Amino acid sequence: MNPYQQKKRWKYLLLSFAVVIASGSLLYTSYLVKNIAHSERTRAQVWAMSMRQLFNSDDNDFLQFTTSVRDSLTVPAIIVDEKGDVILSRGLDTTKTFINLPSDGNKKKYDPEYFKSELAYMKNQHEPIRLMVLGAPWKVYYKDSPLLTQLRLFPYIQLTVIAIFLLMAYTAFSSSRKSEQDQVWVGLAKETAHQLGTPISSLMAWIELMKEKFNAEDDVLVAEMENDVKRLEIVADRFSKIGSKPVLEEHAVYAVVKDFVDYFRVRVSKNIGFEMGGNPHLKAGLNVPLFDWVIENLLKNAVNAIDGKGSIKVEISGNKLKNQVFIDITDTGKGIPRSKFDTVFQPGYTTRKRGWGLGLSLTKRMIENYHNGQIFVKDSEVGKGTTFRIILKNTRDDKKAKS
Ligand SMILES: Nc1ncnc2c1ncn2[C@@H]1O[C@H](COP(=O)(O)OP(=O)(O)O)[C@@H](O)[C@H]1O
Ligand SMILES: [Mg+2]
C-alpha cells in the first residue's frame, strides 16, 4: 500500500473513532438528562400533591410540611386555575415576577407578560400535572431546572471545545512538520549544488584547455560536450536557487516561456506538436532558472501523459482587474481523475513505473514559495487531456503602487 492510501486509511479510522466518541458522549448525556427529567417530574408531582392537600385542608402541621417540600423542589413551576389564571408560582426569576407600578403607589404586582412567556415555555416543555383543588381542575406547569438545562447543553459545549483544541494541535503539528520537511529539502538542494559546483567548474576549464591544445574550437564533439557541461551548470544553479531565497526580476512571461518551449520541443518525440499563444506583453517577477524548471516539469509530465501522437499548448493570458498573469499548459494526454486534482501535488504520488512523484510537489513549492503564485489543475478529463494553470502577479501595477 502506498503512503497516500495508508494516510487516507488512518484518516478514516480516526474520523470514525471521533464519531464513536462523540455519539457515545451524546448518548450518555441524553441518558442522564432523561433520568434527571424523570426525577424532576416526580418532584413536581410531589409538590403539586402537597399543594392540593394544602388548599384542601387547613391543617397547620401540614403547612410546615409543604414548606419543606417546596424548598426541596428544584424545578420552576406555575399553578393555574381552570380559567388559566396564575394562582401560585415558585422558582421563577423573582426580579421579573414583580413590577413596580408608580400609579399604584409603588405596590408590587405580578408582571402578566413575564408569566405569559414563562407559561408558554413550560407548556412547550412538559405535559402539565393535573390536580383537583376544592372541586376545580387546576394545572401545574413546570420547566427544566437550570442544572438540567446546563446538562442538556454540556456535551455540545464539551465537544466544541475538544474539536477546537484538536484542530489547533493538528495545525501546530503539521506546520512544524512542514517546516522540518522544508529544512531537509532546502539543505539537500544546497548540498547538491555545492558538491556539483567544483567538478563543473573544473570541467569547464578542462574544455577550454582542450580547445587550445587540440585546436578544436569548431569541433562538434567538443561543442556537444560544452553544451552538456553548461546544462549541468544550469542544474546546479537551480539547486543553489532552491537553497536560498531567489531574487525575482521583471520579465515578459511569454518570452521566457517561449525560450524554454523552443529549447524543449526539439528534444522530444516528433509525434508531439507544440503551440504557443496569448498575450506577449504581460510581465511578472520571475527567477528564470527556477521558472524554467517549473515549465520543464509541467512539459515533461504532459509529454509523459501523451501516448503516441498528441499536442501541448501553452497560453499566456491575464486578468487586468486582479493584476494576474495566467500560464495555461494544456495537453491531449491521459487526463487526471477529479479526485486526484490535489493529490498529484503531494510528494511521492506517481502513476509512472519509473516516477518519483516529486516533480509537481517541487513545482508547487517553486511557484508558491519562490514566486508567490499559485498552481493547480484547472481542467482535466480522463482520456482527453489536462490543463495546469499557474497564476503569477502582474508586476506592472506593483510598480505604480510603489512610486
Ligand atoms: N499532464 C498530466 N496528465 C496526466 N497526469 C498527470 C499530468 N501531470 C501529472 N500527472 C500525474 O501526477 C503524477 C505526479 O507527477 P509528478 O509529481 O511530476 O511525478 P512523476 O512525474 O515522477 O510521476 C504523475 O505520475 C501523473 O499521474
Ligand atoms: Mg513529473
Side-chain angles (χ1 to χ4, degrees), residues 1-8 177-178 181-182 184-186 188-189 192 231 234-235 238-239 241-242 257-258 260-261 263-265 267-278 287 289-317 326-371 373-392:
M1 199 174 3
N2 75 38
Y4 289 98
Q5 272 170 319
Q6 223 164 17
K7 206 169 147 187
K8 220 174 177 179
R177 204 193 53 191
K178 203 163 169 262
Q181 278 178 352
D182 276 347
V184 172
W185 189 262
V186 165
L188 203 61
T192 307
R231 176 80 193 147
I234 290 174
V235 170
R238 285 174 173 179
F239 278 107
K241 292 272 173 0
I242 278 225
V257 176
K258 186 167 188 318
F260 192 82
V261 170
Y263 162 86
F264 186 82
R265 70 201 305 173
R267 285 168 172 73
V268 295
S269 149
K270 292 275 168 294
N271 283 332
I272 297 174
F274 283 84
E275 204 185 317
M276 277 248 11
N287 182 276
L290 288 187
F291 194 70
D292 277 350
W293 199 352
V294 165
I295 301 298
E296 180 177 350
N297 280 333
L298 293 174
L299 292 180
K300 271 189 183 163
N301 281 348
V303 168
N304 288 330
I306 293 171
D307 190 17
K309 260 186 175 327
S311 68
I312 297 172
K313 186 175 183 205
V314 184
E315 172 118 13
I316 318 289
S317 58
F326 304 139
I327 301 126
D328 292 342
I329 298 183
T330 307
D331 63 60
T332 55
K334 64 181 166 72
I336 301 171
R338 189 159 282 276
S339 61
K340 294 283 183 291
F341 277 18
D342 288 330
T343 319
V344 292
F345 292 101
Q346 294 183 344
Y349 176 82
T350 181
T351 53
R352 292 196 300 133
K353 270 215 176 84
R354 300 250 197 125
W356 289 104
L358 289 180
L360 284 180
S361 123
L362 184 60
T363 299
K364 196 176 170 74
R365 273 164 195 266
M366 289 192 282
I367 290 297
E368 289 180 354
N369 299 2
Y370 296 89
H371 288 90
Q374 288 161 266
I375 178 168
F376 51 90
V377 179
K378 180 171 173 275
D379 252 326
S380 188
E381 204 173 318
V382 174
K384 290 223 166 134
T386 306
T387 301
F388 276 86
R389 168 168 279 189
I390 299 171
I391 302 182
L392 297 177

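Here, residue 1 is the first one in the sequence, and each next residue gets the next number. Just follow the structure's listing: the first ligand is 1, and inside any ligand the first atom is 1. What you are looking at is a predicted structure, and each value in this text was computed from that prediction instead of being measured.
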Nitrogen or oxygen atoms of T350 and ligand 1 under 3.5 Å apart: yes
Does a salt bridge link D182 with R365, judged by any charged N lying under 4.0 Å from a carboxylate O? yes
Which atom of L358 lies closest to which atom of G348, heavy atoms considered: CD2-N, 4.3 Å
Numbered in order shown, the ligand 1 atoms found under 4.0 Å of a heavy atom of G355 are 22 (O)
Can you give me every donor-acceptor pair (side chain of residues 338-346, partner residue at least two apart or in another chain, under 3.5 Å) with its distance?
none

Any residue meeting side-chain contact (heavy atoms from CB on, under 4.5 Å) with T351, in chain and number order, not counting sequence neighbours: K334, Y349
Please determine if R265 forms a cation-pi arrangement with Y263, meaning its NZ or CZ atom is less than 6.0 Å from the six-membered ring centre and no more than 45° off the ring axis. no
Numbered in order shown, the ligand 1 atoms found under 4.0 Å of a heavy atom of R352 are 20 (P), 21 (O), 22 (O), 23 (O), 25 (O)
What verdict does the side-chain contact (heavy atoms from CB on, under 4.5 Å) test give for I390 and Q374, after you've listed the backbone C-alpha separation in whole Å, the side-chain angles of each residue and the deciding distance to 0.1 Å? CA-CA 6 Å; I390 299 171; Q374 288 161 266; over 6 Å; no
Taking atom types as modelled, find out whether T363 and N297 have a side-chain donor-acceptor pair closer than 3.5 angstrom. yes
Which residue and non-hydrogen atom of the protein lie closest to atom 12 (O) of ligand 1, and at what distance in Å? V344 CG1, 3.4 Å
Please confirm whether G357 comes within less than 3.5 Å of ligand 1 when only nitrogen or oxygen atoms on both sides are compared. yes
Under the criterion side chain to side chain donor-acceptor pair (under 3.5 Å), which of T330, D328, D379 is the partner of T387? T330
Just to be sure I'm reading this right: ignoring hydrogens, which of D331, L299, T343 gets closest to atom 2 (C) of ligand 1? Compare them by their nearest heavy atoms. D331
By number and element, which atoms of ligand 1 are closer than 4.0 Å to a non-hydrogen atom of G335? 4 (C)
Nearest heavy atom to atom 6 (C) of ligand 1: which of T386, I336, N304 does it belong to? I336
Report yes if some N/O of L360 lies less than 3.5 Å from some N/O of ligand 1; otherwise report no. yes
Show me, pair by pair, the donor-acceptor contacts under 3.5 angstrom made by side chains of residues 298-309, not counting sequence neighbours?
residue	atom	partner	partner atom	Å
K300	NZ	E296	OE2	3.0
N304	ND2	K300	O	3.2

Near T351 (heavy-atom distance under 4.0 Å), the atoms of ligand 1 are 24 (C), 25 (O), 26 (C), 27 (O)
Would you mind counting protein N, O or S atoms that sit less than 2.8 Å from the Mg ion (ligand 2)? 1
